[in-house]
Amino acid sequence: MSDIMQCDVCIIGGGLVGCSTALHLVRAGKSVVLVERDRIGAHASGANFGGVRRHGRNVLELPLSTRAFDIWRNMGTLVGNDCEFMPTGHLKIARSEAEMAVLEQWSSFGAEHGIPVVLHDRTSLRANFPWLNTSSFGASFCPGDGHANPRLAAPAFALRAGAEGAVVIQGDGATTVEDARDEFEVTLHSRRRIRAAVLVNAAGAWGRHFARYYGDEAPVEAVAPQMFVSEPVPYIIDAVLGMVTGGLYLRQIPRGNVIFGGGRGILDPNCHRSSPSDRVFAETVGLAGDLVPSLRDIAVIRSWTGVEGHCEDGLPILGPSPRRANLYHAFGFSGHGFQMAPAVGAVLSELIARGFSETDISALSPRRFTGAKSSILAESEI
C-alpha cells in the first residue's frame, strides 16, 4: 500500500461543483486533493442541457444563482475558457392563463433580487419571437441569462485548479471514509489513502452514500434526464426556451444544432449508468416540433442521458454537516445546478477558509432534514 497523501481538503466528486470548489480553495491557499471515480465532468456536469439561468428559480436559490451570474460573465478570466457562454436571454413559456399567473408572480421575486424580467402577452410574444408556435398564451423573458457548453466547464475548472496546485485524481474514486483522529481518511479503489482536515462531499447522485457515513439525512434519488441534439439548421432560435411545466428546454447554438431535453431515460440497476428511452425520444421530439414548428421535420442525430441526484424538495443539499465538524455537503442539485456550480465552489471555499460567506445558503443546509422544516421551504419552485 502506498503512503498516505496528506492535504488540507479532500473533495469527493469531479463534477463542476467539485472542480469549482478545488479551484477556489487553492486560490485561498489550501492544499487540495480532488478524487473522481470516472472522468472529470463525466456525469450530470457534462451531460446536462447547459442552461445558465436565474429565471424561474426557487427564491431560496436566488442569492447563490445571482452570485453565479457574475462568475459566468467573467468565466474566461477565471479559468481561461469562456465555456461557450452566450447571454442570449431565457424565455419561459406559459400555455394557459394559470401558467401566466405563475410567471407574473415570479417576476416580483426576480425584481426583489435585481433580476429584470419582461412579461409578454400572446401578441407581444408573436412579434418578438416569431419562430414560436401561435398557441402559447404568453411568456416571461430574462435578459442576460443564456447557455454554455457543459462538456467544457468542469474540465476547464479542473485544468486550472491542477495548474495552480490542486491534485486531481481521475478513474479512482472513494470507497470508504473514516475518522483518523481529528481528520478524515478516504480510501480509494486503488487502495491509496488520503488524509484531510476537511472533507467536501460533492459526489452528485451518489452524495447520499457518503453523507450516511456520518448519519446525515439526504433524501436524494438518482434520475437520468434525457437530452437530444439535431442536425445543423438555419439559426433562428435566439433565446433559451423553457416551459412553466418543465416538460421541454431548448436552445440553438450558432453553428445551427438545436439542443433540447425533456423526460427521463433508463437507469441501470446500480444507478451508475443510464441510457435513452425510446418512448421519451418520441414524446420530447414531438413536443419540440409543437412548440417550434420549424423543428417538426428536423433530424435528431444523437440522444443521451446522464445520472444526476434529485432531492425530495427540489433544492440542493449545501453546507456544513450538522453532525460532523469540517464535513461539507454539496450535492442533490435536482437538475438545475449547472448555473450555480461556479458560485457553490466560491461559497464553500469561503466557509472553509474564512468560516463565513456573505452569500446566504442557510435555506439549503443539510440541517433542514434533521427536524421540522422551515415554513419558507413550502414555497414552490416556479
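This chain uses plain numbering: 1 for the first residue, then up along the sequence. What you see is a predicted model, and the numbers here were worked out from it, not measured in a lab.
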For this session: Establish, yes or no, whether the cationic atom of R54 lies under 6.0 Å from the six-membered ring centre of F69 and within 45° of the ring axis.
Result: yes
Exercise. If only atom types and distance count, is the side chain of S349 paired as donor or acceptor with the main-chain N or O of G345 below 3.5 Å?
Worked result: no
For this session: Mind running side chain to side chain contact (heavy atoms under 4.5 Å, CB included) on R160 and R27 for me, showing each step along the way?
Result: CA-CA 10 Å; R160 180 62 69 178; R27 290 187 172 180; 3.7 Å; yes
Exercise. Is L199 reachable from V32 through a run of I, L, V, M, F, W or Y residues, each pair having side-chain heavy atoms under 4.5 Å apart?
Worked result: no
For this session: Determine, step by step, whether R67 and E350 satisfy the salt bridge (charged side-chain N to carboxylate O under 4.0 Å, His left out) criterion, reporting the C-alpha distance in whole Å, the side-chain angles of both residues, the deciding distance to 0.1 Å, and the verdict.
Result: CA-CA 13 Å; R67 181 166 182 182; E350 291 165 352; 2.6 Å; yes
For this session: Hey, could you give me the OG1/CG distance between T305 and N48, rounded to the nearest 0.5 Å?
Result: 12.5 Å
For this session: Flag the pair R273 and D38 as a salt bridge only when some basic side-chain nitrogen lies within less than 4.0 angstrom of an acidic carboxylate oxygen.
Result: yes
For this session: Check the pair L250 / I259 against side chain to side chain contact (heavy atoms under 4.5 Å, CB included), numbers first and verdict last.
Result: CA-CA 6 Å; L250 184 149; I259 300 165; over 6 Å; no
Exercise. Are R324 and D216 close enough for a salt bridge, meaning some N to O gap below 4.0 Å?
Worked result: no
Problem set entry | Where A211 and A218 come nearest, the two heavy atoms and their spacing | CB-CB, 4.3 Å
Exercise. Between G262 and T284, which heavy-atom pair has the shortest distance, and what is it?
Worked result: O-OG1, 3.2 Å
Problem set entry | Ring centre gap for Y214 and F184 strictly below 6.0 Å | yes
For this session: Evaluate whether atom CG of D297 has more than 12 neighbouring non-hydrogen atoms of other residues, nucleotides or ligands under 6.0 angstrom away.
Result: no
Exercise. Under 3.5 Å, side chain of D172 to main-chain N/O of H189, donor-acceptor pair present?
Worked result: yes
For this session: Just do the side chain to side chain contact (heavy atoms under 4.5 Å, CB included) check on V26 and K30 with the steps written out, would you?
Result: CA-CA 5 Å; V26 295; K30 300 295 183 181; over 6 Å; no
Problem set entry | Hydrophobic cluster identity match, L159 and L78, side-chain contacts under 4.5 Å | no
Exercise. Mind checking whether R126 and L132 have side chains closer than 4.5 Å, heavy atoms only?
Worked result: no
Exercise. Regarding R354 and the six-membered ring of F356, is the cationic atom NZ or CZ under 6.0 Å from the ring centre and inside 45° of its axis?
Worked result: yes
Problem set entry | Pair R57 + E61: basic N to acidic O under 4.0 Å | yes
Exercise. Can a salt bridge be assigned to the pair R195 and E183 using a cut-off of 4.0 Å between side-chain N and carboxylate O?
Worked result: no
Exercise. Would you say S230's side chain and V258's backbone share a donor-acceptor pair under 3.5 angstrom?
Worked result: yes
Exercise. Around atom CD of E112, are there more than 12 heavy atoms of other residues, nucleotides or ligands at under 6.0 Å?
Worked result: yes
Exercise. Are the side chain of S334 and the backbone N or O of G332 linked by a donor-acceptor pair below 3.5 Å?
Worked result: yes
Problem set entry | Nearest heavy atoms of L16 and S45, plus distance in Å | N-OG, 2.8 Å
Exercise. Are the side chain of W304 and the backbone of A47 linked by a donor-acceptor contact shorter than 3.5 Å?
Worked result: yes
Exercise. Are V168 and M5 connected in the hydrophobic side-chain network, where two residues link if heavy atoms are under 4.5 Å apart?
Worked result: no
Exercise. Has the side chain of N74 got a donor or acceptor atom that lies under 3.5 Å from a matching backbone atom of D70?
Worked result: yes
Exercise. Is the closest side-chain heavy-atom distance between Q339 and H55 below 4.5 Å?
Worked result: no
Problem set entry | Shortest non-hydrogen contact from I236 toward S294 | CD1-OG, 3.5 Å
Exercise. Ion pair present between R208 and E312, side-chain N to carboxylate O less than 4.0 angstrom?
Worked result: no
Problem set entry | Six-ring centre of W206, R37 cation under 6.0 angstrom, axis tolerance 45° | yes
Problem set entry | Any side-chain donor near an acceptor of the partner, D121 and T123, under 3.5 Å | no
For this session: Start with the C-alpha gap between M75 and F85, add the side-chain angles, then the distance that decides, and say whether side chain to side chain contact (heavy atoms under 4.5 Å, CB included) holds.
Result: CA-CA 8 Å; M75 189 64 71; F85 172 59; 5.6 Å; no
Exercise. Centroid-to-centroid, F228 to F281, below 6.0 Å?
Worked result: yes
Exercise. Linking I/L/V/M/F/W/Y whenever their side-chain heavy atoms sit closer than 4.5 Å, directly or via other members, would L64 and Y328 fall into one cluster?
Worked result: yes
Problem set entry | Single-linkage hydrophobic cluster L91~L103, side-chain heavy atoms < 4.5 angstrom | no
For this session: Quick one: closest heavy-atom pair of A239 and F129, and the distance?
Result: CB-CE2, 4.3 Å
Problem set entry | Aromatic ring proximity H147/F49, centre distance under 6.0 Å | no
For this session: Please check if the distance between the ring centroids of W72 and F338 is under 6.0 Å.
Result: yes
Problem set entry | Distance-only donor-acceptor check, side chains S321 and R323, under 3.5 Å | no
Problem set entry | Where D290 and R296 come nearest, the two heavy atoms and their spacing | O-NH2, 4.1 Å
For this session: Pick out which of S277, S274, S303 makes a side-chain hydrogen bond (donor to acceptor under 3.5 Å, both in side chains) with Q226.
Result: S303
